[in-house]
A.B. asks: 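Take a look at this one; I'll ask things after.
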Amino acid sequence: MWLQNQFSSILILATPLSALSQSSPQSEKRYAILDNDWMAVSFLPFLLAMKGGMEVLGLVSDTADSWQKQCGLHALANLEIGNFSCIPVYQGAVWPLINTPERFQGWQAVHGKLPFQGAFAPQNQTAEAQGKDPTSGDPDRVVKEAFIEGFPKTTFNNSTNAASFMVQMVRKYPHQVSIYSAGALTNIALAVRMDTSFASLAKELVIMGGYVDVNMLQATGNVEQADRNSDINLMIDPEAAKIAINADFPDILIAGNVANQVQSTQQYLDEVNQVENSLTRVFHDHYGTKFPFWDETAAAIMVDRSIALNISSLYADVDISYGSPSYGNIHFYQPELRPPHVRKVTYVNRIDGNKLKKMMKKAMWEPPSCS
């Protein structure tokens with residue numbers, strides 16, 4: 001994709017991926033906690049993790065594309081598709097740290113609308129009746145019509161909340177747990193604030209989100225192109241994103257612009273469906289060809305860093321000025337010009353798209369067993 005090549009030449013400190021290929025020793029067990037705004041066809045991130053030899057300790061739901069409860073139920077339903085219900089699902093925070101639908105709409109009135117507003121879009125009962133996930137209104141309501149993958153029969157693990165669960169797990173398995181975030185970073189920020197050692201005890205934080213220098217792509221082309229280049233994962237809770245990105249995780253790996261590199265196509269959907277099972281059927285019939293493989297890209301990088309072909313090591317922060325048109329967007333700094341509180345992150349510029357598709361296909365064709 002031309003954007004990725006252009007972007008790679010702009011970022012400083014671009015590095016070949018030999019620097020990222022430092023995988024854990026074979027003897028060290030790898031664990032993962034996946035925090036996401038789970039939707040109808042969202043099983044590939046945890047499937048890729050399991051197929052890659054990681055033990056998935058649990059899934060966590062957050063409010064971003066839709067409300068936390070609806071997303072959590074999608075997580076349960078996605079686990080049931082492949083008989084993976086041995087993995088527990090923990091409910092995360094219902095609300096962002098500060099943001100609300102009203103506050104979000106107020107920001108848009110000054111700075112312009114986002115093409116996709118996630119859970120903070122105005123409530124549309126007609127769309128919900130036609131199978132759209134809920135937005136605004138009562139955050140605890142459930143729209144069963146949206147469960148094209150089937151409504152779950154299993155239930156949440158209510159022994160604790162998402163942030164406490166993450167803290168418990170990094171303490172149980174210090175420096176071995178990858179924290180994956182493909183939705184809002186609210187739960188991770190709460191865990192950071194809850195326990196001063198949480199971030200440092202994790203192995204890494206892997207984020208899907210953090211687009212940079214995409215304003216021209218937002219302003220040209222059509223609304224769909226603007227949608228692909230709008231950072232709802234960070235913008236739904238900018239304050240949480242700032243806390244997470246400045247926390248002392250041993251490494252923070254960000255799949256921002258690169259998440260747009262590999263597009264879903266009908267040819268690929270048909271190719272996957274050559275092997276028929278419950279996973280490939282749902283993927284073929286419902287994933288669609290409208291968007292790239294966003295969450296899957298970040299999950300694949302977490303599992304196998306050699307998939308990344310070019311990276312940059314940069315000082316990063318998140319704009320939390322409500323009066324800024326860049327509210328909720330990531331910003332990079334030269335080392336000499338950075339504010340004192342910001343830290344380095346690893347930003348992936350380019351991946352091996354063919355390898356990503358092969359990883360996804362293999363995970364669906366030969367799914368791991370649940371234990």
Side-chain angles (χ1 to χ4, degrees), residues 3-4 6-13 37 62-65 96-121 181-186 188-189 205 207-247 252-260 294 298 312-349:
L3 166 62
Q4 310 309 323
Q6 181 189 58
F7 184 73
S8 298
S9 66
I10 293 172
L11 278 180
I12 61 170
L13 301 178
D37 49 352
D62 63 64
T63 290
D65 281 2
L97 300 185
I98 295 176
N99 236 353
T100 63
E102 295 77 17
R103 191 172 184 271
F104 190 81
Q105 295 298 333
W107 178 86
Q108 287 191 127
V110 175
H111 297 292
K113 292 183 179 180
L114 291 181
F116 178 68
Q117 301 164 43
F120 288 169
S181 174
L185 287 133
T186 312
I188 294 163
L205 172 63
I207 298 172
M208 189 272 120
Y211 297 149
V212 181
D213 297 333
V214 293
N215 181 241
M216 182 64 75
L217 295 174
Q218 294 169 347
T220 57
N222 55 23
V223 173
E224 185 175 303
Q225 177 169 289
D227 187 4
R228 294 187 191 191
N229 292 280
S230 298
D231 219 345
I232 192 66
N233 283 357
L234 271 63
M235 294 186 72
I236 206 82
D237 195 345
E239 291 74 21
K242 183 180 180 72
I243 290 170
I245 286 176
N246 284 292
I252 296 179
L253 189 66
I254 299 178
N257 295 36
V258 73
N260 280 336
W294 286 325
S312 296
S313 182
L314 301 156
Y315 288 93
D317 202 1
V318 177
D319 188 346
I320 59 168
S321 173
Y322 183 71
S324 169
S326 298
Y327 180 53
N329 283 264
I330 202 166
H331 186 79
F332 288 128
Y333 294 92
Q334 289 273 0
E336 297 80 5
L337 304 176
R338 65 184 175 92
H341 65 277
V342 302
R343 56 155 293 168
K344 274 187 178 181
V345 302
T346 301
Y347 199 87
V348 179
N349 304 318

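None of the values given here were measured: they were computed from a predicted structure.
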A.B. asks: Working to the nearest 0.5 Å, report the span between CG of L217 and CG of N257.
C.D. replies: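 One gets 8.5 Å once the value is rounded to the nearest 0.5 Å.
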A.B. asks: Look up atom OG in S230 and atom CG in N329, then write down how far apart they are to the nearest 0.5 Å.
C.D. replies: 8.5 Å
A.B. asks: Using the test side chain to side chain donor-acceptor pair (under 3.5 Å), find all partners of R343 that sit at least two apart in sequence or belong to another chain.
C.D. replies: none
A.B. asks: In Å, rounded to the nearest 0.5 Å, how long is the span from CG of N215 to OG1 of T220?
C.D. replies: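 Here the interatomic distance stands at 9.0 Å.
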A.B. asks: Output all residues satisfying side chain to side chain donor-acceptor pair (under 3.5 Å) with D317, sequence neighbours left out; order by chain, then residue number.
C.D. replies: K242, N246, H341
A.B. asks: Could you tell me whether the side chain of Y347 and the main chain of A316 form a donor-acceptor pair under 3.5 Å?
C.D. replies: no
A.B. asks: Quick one: side chain to side chain donor-acceptor pair (under 3.5 Å) partners of D65, sequence neighbours excluded?
C.D. replies: none
A.B. asks: Between D227 and P115, is there a donor-acceptor pair closer than 3.5 Å when you use the side chain of the first and the backbone of the second?
C.D. replies: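 Here the side-chain-to-backbone pair does not exist.
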A.B. asks: Given side chain to side chain contact (heavy atoms under 4.5 Å, CB included), test I254 with I330 step by step and report yes or no.
C.D. replies: CA-CA 11 Å; I254 299 178; I330 202 166; 3.6 Å; yes
A.B. asks: Ignoring hydrogens, what is the shortest heavy-atom contact between I188 and S181? Give both atom names and the distance.
C.D. replies: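 Smallest interatomic distance, heavy atoms only, reads CD1-CB, 3.5 Å.
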A.B. asks: Identify every side-chain donor-acceptor pair in residues 233-241 under 3.5 Å, counting partners at least two apart or on other chains, and give the distances.
C.D. replies:
residue, atom, partner, partner atom, Å
N233, ND2, A182, O, 2.9
N233, ND2, M208, O, 2.9
D237, OD1, A240, N, 3.2
D237, OD2, L97, N, 3.0
D237, OD2, T186, OG1, 2.6
E239, OE1, Y327, OH, 3.4
E239, OE2, Y327, OH, 2.8

A.B. asks: Please find the pair of heavy atoms, one from Q225 and one from N229, that lie closest to each other, and give the distance.
C.D. replies: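 Result for this residue pair: O-ND2, 2.8 Å.
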A.B. asks: Between S324 (side chain only) and S326 (backbone N and O only), is there a donor and an acceptor less than 3.5 Å apart?
C.D. replies: yes
A.B. asks: Got I232 and F120 here, is their nearest side-chain heavy-atom distance under 4.5 Å?
C.D. replies: no
A.B. asks: When you measure from the side chain of Q117 to the backbone N and O of P101, does any donor-acceptor pair fall under 3.5 Å?
C.D. replies: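 A pair under 3.5 Å: no.
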A.B. asks: Under the side chain to side chain donor-acceptor pair (under 3.5 Å) rule, collect the residues that match up with W107, sequence neighbours excluded.
C.D. replies: none
A.B. asks: Side chains of Q105 and E102: donor-acceptor distance under 3.5 Å anywhere?
C.D. replies: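 Per modelled atom types, Q105 and E102 side chains form no pair under 3.5 Å.
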A.B. asks: Has N260 got a side-chain atom pairing as donor or acceptor with R228's backbone, closer than 3.5 angstrom?
C.D. replies: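 Present.
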A.B. asks: Can you measure from CZ (R338) to CG (L314) and round to the nearest 0.5 angstrom?
C.D. replies: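 The CZ atom of R338 sits 12.5 Å away from the CG atom of L314.
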A.B. asks: Give a yes or no on whether the backbone of D62 and the side-chain of D37 come within a donor-acceptor separation of less than 3.5 Å.
C.D. replies: no
A.B. asks: Please enumerate all residues that pass ring-ring contact (aromatic ring centres under 6.0 Å, His included) together with Y315, with sequence neighbours excluded.
C.D. replies: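 For Y315 there are no ring-ring contact (aromatic ring centres under 6.0 Å, His included) partners, ignoring immediate neighbours.
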A.B. asks: Considering all heavy atoms of both residues, which atom of A259 and which atom of A255 are nearest to each other, and what is their separation?
C.D. replies: CB-O, 4.0 Å
A.B. asks: Let me confirm one number: the OG1-CG distance from T346 to L253, rounded to the nearest 0.5 Å.
C.D. replies: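 Going from OG1 on T346 over to CG on L253, the span is 6.0 Å.
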A.B. asks: Please give me the minimum heavy-atom distance between A247 and I252, naming the atom from each residue.
C.D. replies: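 Answer, listing the atom of A247 first, then I252: O-CD1, 4.0 Å.
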